[in-house]
Asks: 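One structure coming up, written as structure tokens, with questions to follow.
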Amino acid sequence: HRDLTNDTSFKAAFIVKNLVENIDAIQSFGYWTLTDLIEERRASTNSFHGGLGLITNNNIPKPAFFAYQLLGKLGNQLVSQGDGYILTKNSKGYQLLLYHYCHYDRLYCMNQHANIDLENRYNVFLNQNPIEMKFIMNELKKGTYKVRQYQLNRQHGSSFDQWVEMGAPELMNQEDIDYLIHSSIPKLQISEVRIEEDYILSTILGAHEVQLFEIVPQRTL
């Protein structure tokens with residue numbers, strides 16, 4: 001409860017990492033809890049107070065919410081899995097989910113909160129440099145494919161970062177809330193590629209970023 005990193009993009013990468021790395025260990029997962037409106041602690045007047053929920057006390061989705069949304073797009077057949085990624089497929093095509101997880105630094109692990117406050121919450125993590133990930137996919141048949149790329153990061157899909165950018169108001173009216181709900185969504189890019197040989201997919205992920213690629217055949221030979 002009331003861990004300020006719960007509202008940040010860190011929580012999205014945290015959820016994806018834990019579910020992907022334990023996907024074959026247990027039969028199902030459950031997350032506690034859907035909303036910050038729970039009765040275990042006195043309700044906070046601040047929307048971004050570090051609650052456990054996937055959405056705030058006034059129904060603004062957090063990055064953690066969109067992490068589950070992207071996980072829900074994975075296929076039912078596991079193709080490959082490794083450090084920072086999982087590749088699945090289904091009848092529609094392939095799904096490649098990537099994540100850049102950064103762990104807490106030692107001070108924060110020891111419950112020292114000198115480097116974190118209501119507006120500045122990313123100073124307590126290690127290894128926050130961007131990373132490049134490259135994949136060679138050699139199972140794809142020749143043909144034309146539609147590639148959908150979803151990006152969930154501090155710029156796209158983080159209502160907390162949008163809230164800070166708008167001035168971090170403690171109290172918001174309905175117009176402010178609606179703005180955060182509609183502006184804080186993952187970025188989507190759609191392209192059409194022609195594959196003749198192996199398909200090389202390369203991308204850069206910032207700290208705490210999650211990306212999903214859906215590779216759907218349009219015409220194959």
Side-chain angles (χ1 to χ4, degrees), residues 1-23 25-75 84 86 88 95 97-104 108 116 118-119 121-122 124-125 148 150-166 168-172 174 176-188 205-212 214:
H1 285 290
R2 307 300 165 92
D3 187 316
L4 293 178
T5 65
N6 281 334
D7 300 327
T8 69
S9 291
F10 157 77
K11 198 61 177 288
F14 173 85
I15 287 173
V16 171
K17 170 184 167 66
N18 277 277
L19 266 66
V20 167
E21 291 186 354
N22 294 281
I23 198 166
I26 58 178
Q27 292 182 331
S28 61
F29 294 89
Y31 183 83
W32 184 263
T33 175
L34 177 62
T35 172
D36 284 346
L37 290 173
I38 55 178
E39 297 177 350
E40 294 179 1
R41 293 284 298 271
R42 178 187 290 271
S44 174
T45 57
N46 194 315
S47 297
F48 298 98
H49 60 270
L52 290 174
L54 301 177
I55 58 177
T56 68
N57 51 20
N58 44 15
N59 298 320
I60 303 171
K62 303 182 189 181
F65 174 91
F66 293 113
Y68 274 102
Q69 186 181 75
L70 296 183
L71 283 161
K73 294 180 179 294
L74 291 175
I86 184 171
T88 65
Q95 304 83 31
L97 185 65
L98 316 175
Y99 55 93
H100 180 6
Y101 172 79
C102 305
H103 198 63
Y104 298 126
Y108 200 68
I116 191 171
L118 197 65
E119 297 182 35
R121 307 187 188 185
Y122 292 102
V124 295
F125 297 101
R148 301 169 66 90
Y150 297 86
Q151 292 177 272
L152 172 58
N153 51 35
R154 293 182 62 178
Q155 293 74 38
H156 308 287
S158 176
S159 52
F160 161 74
D161 287 283
Q162 287 283 93
W163 172 72
V164 171
E165 187 175 318
M166 70 187 292
E170 181 176 354
L171 298 176
M172 294 188 289
Q174 191 59 49
D176 301 332
I177 294 169
D178 290 342
Y179 170 78
L180 289 177
I181 291 174
H182 292 101
S183 66
S184 308
I185 59 174
K187 181 180 180 180
L188 173 61
L205 287 84
H208 319 295
E209 184 166 355
V210 178
Q211 293 188 21
L212 173 70
E214 293 179 315

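Numbers here are sequence positions counted from 1. Computed from heavy atoms alone, side chains included, the values below leave out hydrogens, waters and symmetry copies. In this text, all values refer to a predicted model and were calculated from it rather than measured experimentally.
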Asks: As a quick check of understanding, evaluate side chain to side chain contact (heavy atoms under 4.5 Å, CB included) for Lys73 and Glu214, giving each step before the final call.
Replies: CA-CA 9 Å; Lys73 294 180 179 294; Glu214 293 179 315; 3.8 Å; yes

Asks: Out of curiosity, Leu70 CG to Phe65 CZ, how far, rounded to the nearest 0.5 Å?
Replies: 10.5 Å

Asks: Mind checking whether Ser184 and Gln162 have side chains closer than 4.5 Å, heavy atoms only?
Replies: yes

Asks: Answer whether the closest heavy-atom distance between the side chains of Leu97 and Thr88 falls below 4.5 Å.
Replies: no

Asks: Do Asn18 and Tyr101 have side-chain atoms, one donor and one acceptor, less than 3.5 Å apart?
Replies: no

Asks: List in chain and number order the residues that pass salt bridge (charged side-chain N to carboxylate O under 4.0 Å, His left out) with Lys17, two or more places apart in sequence or in another chain; answer none if no residue qualifies.
Replies: Glu21

Asks: How long is the straight-line distance from NZ of Lys187 back to NE2 of His156, given to the nearest 0.5 Å?
Replies: 4.5 Å

Asks: Can you see which heavy atom on Leu52 is nearest to which on Asn6, and at what distance?
Replies: CD2-ND2, 3.9 Å

Asks: Compare all side-chain heavy atoms of Asn57 with those of Ser47 and state whether any distance is below 4.5 angstrom.
Replies: yes

Asks: Have Asn46 and Ser44 got a donor and an acceptor in their side chains that come within less than 3.5 Å?
Replies: no

Asks: Mind listing the closest non-hydrogen atom pair of Val16 and Ala67 along with its distance?
Replies: CG2-CB, 4.0 Å

Asks: Working to the nearest 0.5 Å, report the span between CG of Leu71 and OH of Tyr99.
Replies: 10.5 Å

Asks: Find the distance between CH2 (Trp163) and CZ (Phe48) and round it off to the nearest 0.5 Å.
Replies: 7.0 Å

Asks: Begin with the C-alpha distance, continue with both residues' side-chain angles, and end with the deciding distance and a verdict on ring pair (Phe, Tyr, Trp, His ring centres under 6.0 Å) for Tyr104 and Phe10.
Replies: CA-CA 10 Å; Tyr104 298 126; Phe10 157 77; 4.9 Å; yes

Asks: Any side-chain heavy-atom pair from Tyr68 and Leu19 closer than 4.5 angstrom?
Replies: yes

Asks: Sequence neighbours left out, what passes side chain to side chain donor-acceptor pair (under 3.5 Å) with Thr8? Give chain and number order.
Replies: none

Asks: So, do Thr56 and Asn59 sit near enough that their side-chain heavy atoms are less than 4.5 Å apart?
Replies: no

Asks: So which atom in Ala64 and which in Lys11 form the shortest heavy-atom distance, rounded to 0.1 Å?
Replies: CB-CG, 3.9 Å

Asks: Rounded to the nearest 0.5 Å, how far does CD of Gln95 lie from CG of Leu212?
Replies: 7.5 Å

Asks: Check step by step if side chain to side chain contact (heavy atoms under 4.5 Å, CB included) holds for Ile60 and Ile177.
Replies: CA-CA 7 Å; Ile60 303 171; Ile177 294 169; 3.9 Å; yes

Asks: I want to check something: taking the side chain as every heavy atom from C-beta on, are Arg154 and Phe160 in contact at a cut-off of under 4.5 Å?
Replies: no

Asks: Check whether any side-chain N or O of Asp3 sits under 3.5 Å from a backbone N or O of Gly50 as a donor-acceptor pair, and report yes or no.
Replies: no

Asks: Quick one, Gln155 and Asp161 - any side-chain contact, counting heavy atoms below 4.5 Å?
Replies: no

Asks: Ignoring hydrogens, what is the shortest heavy-atom contact between Pro63 and Ala12? Give both atom names and the distance.
Replies: O-CB, 3.6 Å

Asks: Test side chain to side chain contact (heavy atoms under 4.5 Å, CB included) on Ile86 and Leu74 and set out the steps.
Replies: CA-CA 9 Å; Ile86 184 171; Leu74 291 175; 4.2 Å; yes

Asks: Hey, could you give me the OG/NE2 distance between Ser159 and His182, rounded to the nearest 0.5 Å?
Replies: 13.0 Å

Asks: Do Leu152 and Gln211 have side chains that approach each other closer than 4.5 Å (heavy atoms only, starting at C-beta)?
Replies: no

Asks: What I want to check is whether the side chains of Ser9 and Asn153 have a donor and an acceptor closer together than 3.5 Å.
Replies: no

Asks: Checking Asp7 now: which residues fulfil salt bridge (charged side-chain N to carboxylate O under 4.0 Å, His left out) with it, not counting sequence neighbours?
Replies: Lys62, Arg121

Asks: Using the rule given for side chain to side chain contact (heavy atoms under 4.5 Å, CB included), can you reason through His1 versus Ile38, listing the C-alpha separation, both sets of side-chain angles and the distance that settles it, and then say yes or no?
Replies: CA-CA 10 Å; His1 285 290; Ile38 55 178; 3.2 Å; yes

Asks: Would the His208 and Phe125 ring centres measure less than 6.0 Å apart?
Replies: yes

Asks: Between Met166 and Pro169, which heavy-atom pair has the shortest distance, and what is it?
Replies: CG-CD, 3.9 Å

Asks: Between Thr5 and Tyr122, is any side-chain donor less than 3.5 angstrom from a side-chain acceptor?
Replies: no

Asks: Which atoms form the tightest heavy-atom contact between Ile181 and Pro61, and what is the distance?
Replies: CG1-CD, 4.2 Å

